[in-house]
Undergrad: 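Provided herewith is a single structure, encoded as structure tokens, for subsequent inquiry.
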Amino acid sequence: MIAEVAVNRPINKIFDYYIPDNLIKYIKIGQRVKISFANRKTIGFVVALKEKSEFEKLSSLEGIVDIRAIYSKSLLKLAQKVASYYYCSWGQMLEAGVPFALKTKKSIIKNFEKIDIDMADISAKVEQGKFKDILCSFYNSKDKVNYYKKIIKETINNKKKILLLCPDAFSVECLKRMFLEDLNDELVTFSSQQSQKINKENLEKLYSNNASIIIGTRSCVFLDIINLGLIILEQEESEFYKREDSPRYDARQAALFRAQANNITLLRVSLSPSLKTYYQVENNSITAEKGSGIKPKVTNYQLIDLNAEEDITTRKKFISYRLQSALKKCLDNKKQAVIVFNRRGSASIMKCQSCKEVLKCPRCETILSYHYDKAQAVCHQCNYTQSVPKMCPNCNKAYIKFYGYGTQKLESNLAYMFPEARIERLDIDEASKIKDRFKIIDKYNKGKIDFLIGTQILGEAIDFTNTNCLATLSLESLINQNDFRGLEKSFSFMFRLLNEYYSTSKEPNFLIQTFLSDLKALKFLEANDYKSFLALELNERKALKLPPYSSLSKIHFRSTNTTKVQKASRDFIKRINELNAKDLIMNPDDIDEVEVYKQRGSFAVELDIKAKDLKIVKSALDTILTDYKVPSQVLMVVELEAV
DNA sequence: AGCACGCCGACT
DNA sequence: GTCGGCGTGCTC
């Protein structure tokens, strides 16, 4: 017998392997197998079995990795579809979908006699149902979770299973906690932050058909689930659904393909739907369903315009008088406050007083931030860390001076202002692990913290009941000028926070302290009118022909060799230009305008391909990438639909 | 992706 | 003379 094997290489080809007699009775489609490929030992995926091969000089399989097939036939098909959509090989996509529990290479099985689980063929059963694509929005996470519980029970009653996809490991843990009481026996969770032991136990539980709700991150969209009846996308607006490295697929797109193939419902859930989804609702490709709950009214809203604030010393401390008095009132009344500030560290810039040289990351060329807890300069891009030289390393004439604010500086300023207050920070420096994040959140929820300073990692687990002050100082840092989606992202975050806060706080005060006080969008925040905000933003995009009124994809080239990235990207531009494709905009379109930048110690180029719709971009990429070979030592990442 | 093969330039 | 650059082709 012959196995058709897909390998984790950028090769659009399937390779035949002879199955040795002793393995024939164990081999299954969807299993991983140990093979020798191009003189190297590697792992491949069995995508089909057959009696004969056209190829004459076949090698034999060297072993079977999985007892149970990790992919059903329909999942293999799904992976193939997603692979061709995102321009990677079948094998690369299958590799990206391997369950967390099976990712170690230790799982190679030596003893083939102890096989007792054999469920691989059960999922051949085809579901009868109807495909639907629905957006469901809520004002707060409590309403959302109650709705989840209701729809999960309904689905379970129909003897179907639910795949609940989360953007990150933190959300997986949040939902797990919320479901634990009611649904513990039915629940399994998967994430890279969970221990390997738990991931394994849960996979075992899923495979032995003892789980009805499967909660997990991105790659779980490829989990083999028998009788899947519903896919939920939690926080559908989150960018974390997109994989950062190649294959740069979007789990939301994969989930859509899966729902379509299985004739089931894809439920997109959000407290602040993305502009793209909202646009699709407007154009009737997604159905909007009204979530339960009442829209909270915004009261005691204060916009603190830093341009108008008179006291310079206060401004220097970055805490305005009005914020200071609101915090004092909180403390006096034994109430809590949450202060949102999105910049980590203490100083955000370090500059020589003489030559004006700024300390930069040698790997990324980004500006380093100072973190006083470590007493080190840190790159927020790649985590590069160095000590701060006393004298300027460039001119050796003067001291390095610290400018700008971060959460650590804010914390120390608040501690100076309110020595009696219990202040803590919730940022990646303070809580890099999810357990630590929950420790801080639980402490706050128990009333053991007066002021909590948090970055955007402030999740949905915070209980605002006793919080009488929510302040944000983050508007300017959230609105990233380099990204036209900065406004959407920052306001989506603010609306989410605002609605959660006003739904739970008994005596809410909301303060926005900013220099950007005349932003139009702020009015919609005060009115809690997210829909009008989206409409405003859509108008802006329409005028500038930006997505969703156009389709923007990116081609990334990376290498440790500058000339090689430059050459590769120039060659790519030439190929695009030779197509003479109508309505296709390449940026840059001139080979002399290629800009190489530093990223984590290597060199990178980013090319934009823009058109009226995705079809035009895809047809150009189809023609170029079919016979395209990425030059050696260069990494190419196709980022389809970059926004 | 890696690696081998093969064809041209600039060096001990 | 040969060492080494990288274009092309192959991997069951």
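Lettering follows sequence order; numbering is per chain, from 1.
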Undergrad: In whole angstrom, give the distance that lies between atom NZ of A:Lys34 and atom P of C:dC12.
TA: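 It works out to 16 Å between those atoms.
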Undergrad: Report each atom pair, protein N/O against N/O of nucleotides 3-10 of chain C, whose distance is under 3.5 angstrom.
TA:
from  : atom 1 : to       : atom 2 : distance (Å)
C:dG7 : OP2    : A:Lys567 : NZ     : 3.3

Undergrad: Identify whether any heavy atom of A:Tyr17 sits under 4.0 Å from a base atom; if not, whether one sits that close to sugar-phosphate; answer base, sugar-phosphate or nothing.
TA: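 Contact class for A:Tyr17: sugar-phosphate only.
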Undergrad: Considering only nitrogen or oxygen atoms on both sides, find all protein atoms under 3.5 Å from nucleotides 4-6 of chain B and state each distance.
TA:
none

Undergrad: In whole angstrom, what separates A:Asn12's CG from B:dA1's P?
TA: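 In whole Å, B:dA1 P and A:Asn12 CG are 12 Å from each other.
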Undergrad: Would you indicate, yes or no, if B:dC3 has its OP1 or OP2 atom less than 4.0 angstrom from a side-chain nitrogen or oxygen of A:Arg40?
TA: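 Yes, because at least one side-chain N or O of A:Arg40 sits under 4.0 Å from OP1 or OP2 of B:dC3.
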Undergrad: Calculate the interatomic distance between A:Lys57 atom NZ and C:dT11 atom P; express it in whole Å.
TA: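 Between P of C:dT11 and NZ of A:Lys57: 8 Å.
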Undergrad: Describe the nucleic acid contact of A:Val634 in one word from base, sugar-phosphate, nothing, applying a heavy-atom distance below 4.0 Å.
TA: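 Touches sugar-phosphate only.
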Undergrad: For A:Glu201 and A:Lys197: C-alpha separation, side-chain torsions, deciding distance, then whether salt bridge (charged side-chain N to carboxylate O under 4.0 Å, His left out) applies.
TA: CA-CA 6 Å; A:Glu201 280 170 13; A:Lys197 194 180 160 235; 3.7 Å; yes
Undergrad: Is the base of C:dC12 stacked against the aromatic ring of A:Phe15, taking ring centres under 5.5 Å apart and planes under 30° as the test?
TA: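 According to the criterion (under 5.5 Å, under 30°), no, A:Phe15 does not stack.
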Undergrad: Would you call the rings of A:Phe45 and A:Tyr71 parallel, tilted or perpendicular, where under 30° means parallel and over 60° means perpendicular?
TA: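 Rings of A:Phe45 and A:Tyr71: tilted, as their planes differ by 30° to 60°.
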Undergrad: Do A:His380 and A:Cys361 come within less than 4.5 Å of each other through their side chains, counting heavy atoms only?
TA: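 Side chain of A:His380 against side chain of A:Cys361, heavy atoms only: no contact under 4.5 Å found.
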Undergrad: Going by distance alone, is a donor N or O of one side chain under 3.5 Å from an acceptor N or O of the other, for A:Glu237 and A:Ser270?
TA: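 The criterion, which ignores hydrogens and geometry beyond distance, is satisfied for A:Ser270 and A:Glu237.
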Undergrad: Atom NZ of A:Lys50 to atom P of C:dC12: distance rounded to whole Å?
TA: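 Nearest whole value for this atom pair: 14 Å.
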Undergrad: Between A:Ser619 (side chain) and A:Ile616 (backbone), is there a donor-acceptor pair under 3.5 Å?
TA: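 Answer holds: yes.
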Undergrad: Taking atom types as modelled and ignoring hydrogens, do the side chains of A:Tyr597 and A:Glu595 form a donor-acceptor contact shorter than 3.5 angstrom?
TA: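 There is no such pair (donor and acceptor under 3.5 Å, judged by atom type) between the side chains of A:Tyr597 and A:Glu595.
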Undergrad: What integer distance in Å separates A:Ile35:CD1 from B:dG2:P?
TA: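 Those two atoms, CD1 and P, are 15 Å apart.
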Undergrad: What's the CG-C1' distance between A:Leu635 and B:dG2, to the nearest Å?
TA: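 Between C1' of B:dG2 and CG of A:Leu635: 14 Å.
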Undergrad: How would you list all residue pairs meeting ring-ring contact (aromatic ring centres under 6.0 Å, His included) that involve residues 558-581 of chain A, not counting sequence neighbours?
TA: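 Passing the test, one end in residues 558-581 of chain A: A:Phe557-A:Phe572, A:Phe572-A:Tyr628.
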Undergrad: Can you tell if the side chain of A:Ile434 reaches within under 4.5 Å of the side chain of A:Gln194, non-hydrogen atoms only?
TA: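 No, side chains not in contact.
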Undergrad: Could you state the CD-P distance from A:Gln92 to B:dG2, rounded to the nearest angstrom?
TA: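 Interatomic distance, CD of A:Gln92 to P of B:dG2: 11 Å.
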Undergrad: How long is the gap from OG on A:Ser74 to NZ on A:Lys81, to the nearest 0.5 Å?
TA: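 Reported to 0.5 Å precision, the distance equals 13.0 Å.
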Undergrad: Which part of the nucleic acid does A:Val7 contact within heavy-atom distance under 4.0 Å: base, sugar-phosphate only, or nothing?
TA: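 A:Val7: no heavy atom of the nucleic acid under 4.0 Å.
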